[in-house]
Structures are given as C-alpha cells and as structure tokens.
Amino acid sequence: MTDPIRKFNRWFDAAAKAGIKEPNAMTLATATRDGKPSARMVLLKGVDHGGFVFFTNYESRKGRELAQNARAALVFYWEPLGRQVRVTGRVSRVTAKESDEYFATRHLGSRYSASASNQSRVIASRAVLERKLARLKEKYRDDGPPRPIHWGGFRVQPDEIEFWQAGEFRLHDRVRYRRRGSSWVMDRLSP
Ligand SMILES: Cc1cc2nc3c(=O)[nH]c(=O)nc-3n(C[C@H](O)[C@H](O)[C@H](O)COP(=O)(O)O)c2cc1C
C-alpha cells in the first residue's frame, strides 16, 4: 500500500474490531527547545488532512514544549494484534473553530473539568480544584462553560510512519514510510 494514512486507518479499524478498549490511546513524546524529552498518553481524536489530532491544554507541559519545539512523536500499541505504529512529524494547532466544534461534543462534566484545570501547574490541594469547579458550575449552570482559550487541538503532520507487526520468534515486520513531497517512500527495516 502506498498511502500510510490509509494503512493506518485500516490498522486502527482492525484494533477497534479486536475489542481493544481505547485503540485511540497513544503515547505522545515532545521535547524542550534544548531536546529534553517528555512523554505521556493522549487520545487520538481524528486523522484528517493527513494529520493526527489530539486535544489538550495549550499551557500544559506538552503545550509549552510544543510552543518551543513544534515536533512530536506518537506511538500506538495494539497488543492483541501484535502491532505498533510510530509517527513523527511537525505539530501545529488546529483552528479555533475546530477546537470549538470538538469542545462542544464533549460531555458536560469534561467541559467543566477542562475549564477548572490549569493542567500541569502545581495546586495546593484537591480542595482548591473542587472549589474552582463548584464556582464554574455556579457561574455557567445553564449552558456549561465556553471553551477555555488555552484549550484546543494539535495536529501532528507526519513526515515518517512506521508499521510494526510482531512475527514468530521476533522476526518482526517493520515497514517505514517517509514523506517525499506529495508522495511517500517505503522501506522495509530489519527487526
Ligand atoms: C489513556 C489516557 C488518555 C489520556 N488522554 C489525554 C488527552 O487526550 N489529552 C490530555 O490533555 N491528557 C490526556 N491524558 C493525561 C495525560 O497523560 C497527561 O497526564 C496530561 O495531559 C498532562 O501532561 P503534561 O503535563 O505532559 O502536559 C490521558 C491519560 C491517559 C492515561
């Protein structure tokens, strides 16, 4: 297959069909300007315009790192299928409209939580967070809170995608795609 995004979608559908609870859970690795790495799980919310989209707080650690260094790596692991997918690419914010649209689809409780949380900042106690949540619920009780200006999506525009399929006795299959202009170059890598 010459289009790795189509291949990704096929593998993703297979992972969903295999009954994996959160096939969209992925490790997101970012780094500071001087290359100090950090990684955490996030949820893939769509693959569109050829990019992998997730949502978060722009002022979180990952958000601050992406502001300094707009490159990231993603890793999916679908254990029942013996499959791993690795992605690297440049990262940009999705439009405010896209973030608004996605925010509106979220559960009311999750919208409040996003509004209450200064993600990745130190807080004095759980009670501080809960008081803030209660104040927001009081303030926006009719419609729910608007999308916080610092909450939204990022899109990882892949320049490299690797598909790994577990093989017998660890003789795995690794197929790497690298973007070359508008097409992709495919190579098989030694396991
Ligand atoms: C399965 C799973 C899915 C998660 N999905 C998200 C997500 O989509 N967005 C997000 O901001 N945090 C998500 N988190 C929380 C992050 O892993 C992380 O704790 C948080 O974003 C703060 O990361 P940071 O301090 O590196 O910015 C998820 C955690 C888990 C375990």
Side-chain angles (χ1 to χ4, degrees), residues 4-5 8-9 12 22-78 84-106 110-126 128-129 132-133 136 145-164 174 176-185 187 189:
I5 299 292
F8 177 85
N9 284 327
F12 186 87
E22 288 188 310
N24 59 334
M26 57 188 187
T27 299
L28 163 74
T30 55
T32 56
R33 199 191 316 272
D34 57 355
K36 187 176 165 210
S38 67
R40 78 290 288 153
M41 302 299 294
V42 294
L43 295 177
L44 178 74
K45 289 296 173 179
V47 184
D48 59 15
H49 313 297
F52 295 77
V53 176
F54 64 92
F55 289 86
T56 193
N57 185 310
Y58 290 138
E59 292 169 4
S60 64
R61 178 174 179 178
K62 70 183 93 51
R64 283 178 273 138
E65 290 184 359
L66 288 170
Q68 296 172 27
N69 178 356
R71 292 192 172 277
L74 306 172
V75 186
F76 297 84
Y77 176 46
W78 296 312
Q84 169 183 248
V85 179
R86 300 166 65 180
V87 177
T88 58
R90 291 198 70 84
V91 184
S92 54
R93 290 186 180 190
V94 306
T95 63
K97 184 169 173 277
E98 289 174 83
S99 293
D100 284 339
E101 282 167 3
Y102 175 67
F103 191 74
T105 68
R106 299 185 89 211
S110 305
R111 281 183 272 149
Y112 275 116
S113 300
S115 301
S117 170
N118 292 325
Q119 193 178 54
S120 315
R121 303 280 179 193
V122 173
I123 41 170
S125 65
R126 173 97 199 168
V128 169
L129 183 64
K132 188 166 175 200
L133 186 65
L136 287 166
R147 174 177 66 87
I149 196 78
H150 53 264
W151 188 97
F154 282 110
R155 180 175 286 111
V156 181
Q157 203 78 39
D159 47 37
E160 195 171 313
I161 307 184
E162 182 196 312
F163 296 87
W164 183 98
R174 295 178 63 188
R176 180 185 68 186
Y177 293 77
R178 282 177 299 167
R179 196 191 285 279
R180 283 288 172 276
S182 58
S183 60
W184 294 87
V185 174
D187 290 298
L189 303 181

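Quick caveat: nothing in here was measured; it's all calculated off a predicted structure. Basis for what follows: all heavy atoms, side chains included, without hydrogens, waters or symmetry-related copies.
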Exercise for the section: Please lay out, stage by stage, how F8 and V85 fare under the test side chain to side chain contact (heavy atoms under 4.5 Å, CB included). Expected result: CA-CA 8 Å; F8 177 85; V85 179; 3.9 Å; yes
Heavy-atom closest pair, residues [X] and [Y]:
X	Y	value
I161	P4	CD1-CB, 3.9 Å
N69	A31	CB-O, 3.3 Å
T105	Y102	OG1-O, 2.6 Å
L133	A116	CD1-CB, 4.0 Å
Q68	R33	OE1-N, 2.8 Å
L43	A25	CD2-CA, 3.8 Å

Handout entry: CA sep, side-chain torsions, deciding dist, call: V156, M26, side chain to side chain contact (heavy atoms under 4.5 Å, CB included)
Key = CA-CA 12 Å; V156 181; M26 57 188 187; over 6 Å; no
Quick check for you: to the nearest 0.5 Å, what is the distance between [X] atom [atom1] and [Y] atom [atom2]?
X	Y	atom1	atom2	result
L28	L44	CG	CG	11.0 Å
Y58	H150	OH	NE2	11.0 Å
E160	R86	CD	CZ	8.0 Å
T32	E65	OG1	CD	6.0 Å
L66	S60	CG	OG	8.0 Å
K132	N118	NZ	CG	4.0 Å

Checking side-chain polar atoms at under 3.5 Å, does [X] have a donor or acceptor matched by the opposite partner on [Y]?
X	Y	answer
Q119	T56	yes
D159	T88	yes
R40	T30	yes

Between [X] and [Y], is any pair of side-chain heavy atoms under 4.5 Å apart?
X	Y	result
I5	P158	yes
P148	F103	yes
V94	K45	no

Exercise for the section: Please say whether more than 12 non-hydrogen atoms of neighbouring residues, nucleotides or ligands are located less than 6.0 Å from CZ in R126. Expected result: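 No, the 6.0 Å shell around CZ holds no more than 12 heavy atoms from other groups.
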Exercise for the section: Verify whether the ring centers belonging to F76 and F12 lie closer than 6.0 Å. Expected result: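 No, ring centres 6.0 Å or more apart.
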Practice task
Keeping the roles fixed (side chain from R111, backbone from R106), state whether a donor-acceptor pair exists under 3.5 Å.
Solution key: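 At least one qualifying donor-acceptor pair exists.
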Problem - R64 (side chain) donor-acceptor with E59 (main chain) under 3.5 angstrom - result: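 Side chain of R64 to backbone of E59: a pair is present.
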Exercise for the section: Salt-bridge test for R147 and D100: reply yes if a basic N is under 4.0 Å from a carboxylate O, no otherwise. Expected result: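 A salt bridge is present here (some side-chain N lies under 4.0 Å from a carboxylate O).
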Problem - All ring-ring contact (aromatic ring centres under 6.0 Å, His included) counterparts of F54, not counting sequence neighbours - result: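 With neighbours one apart ignored, the set is F154.
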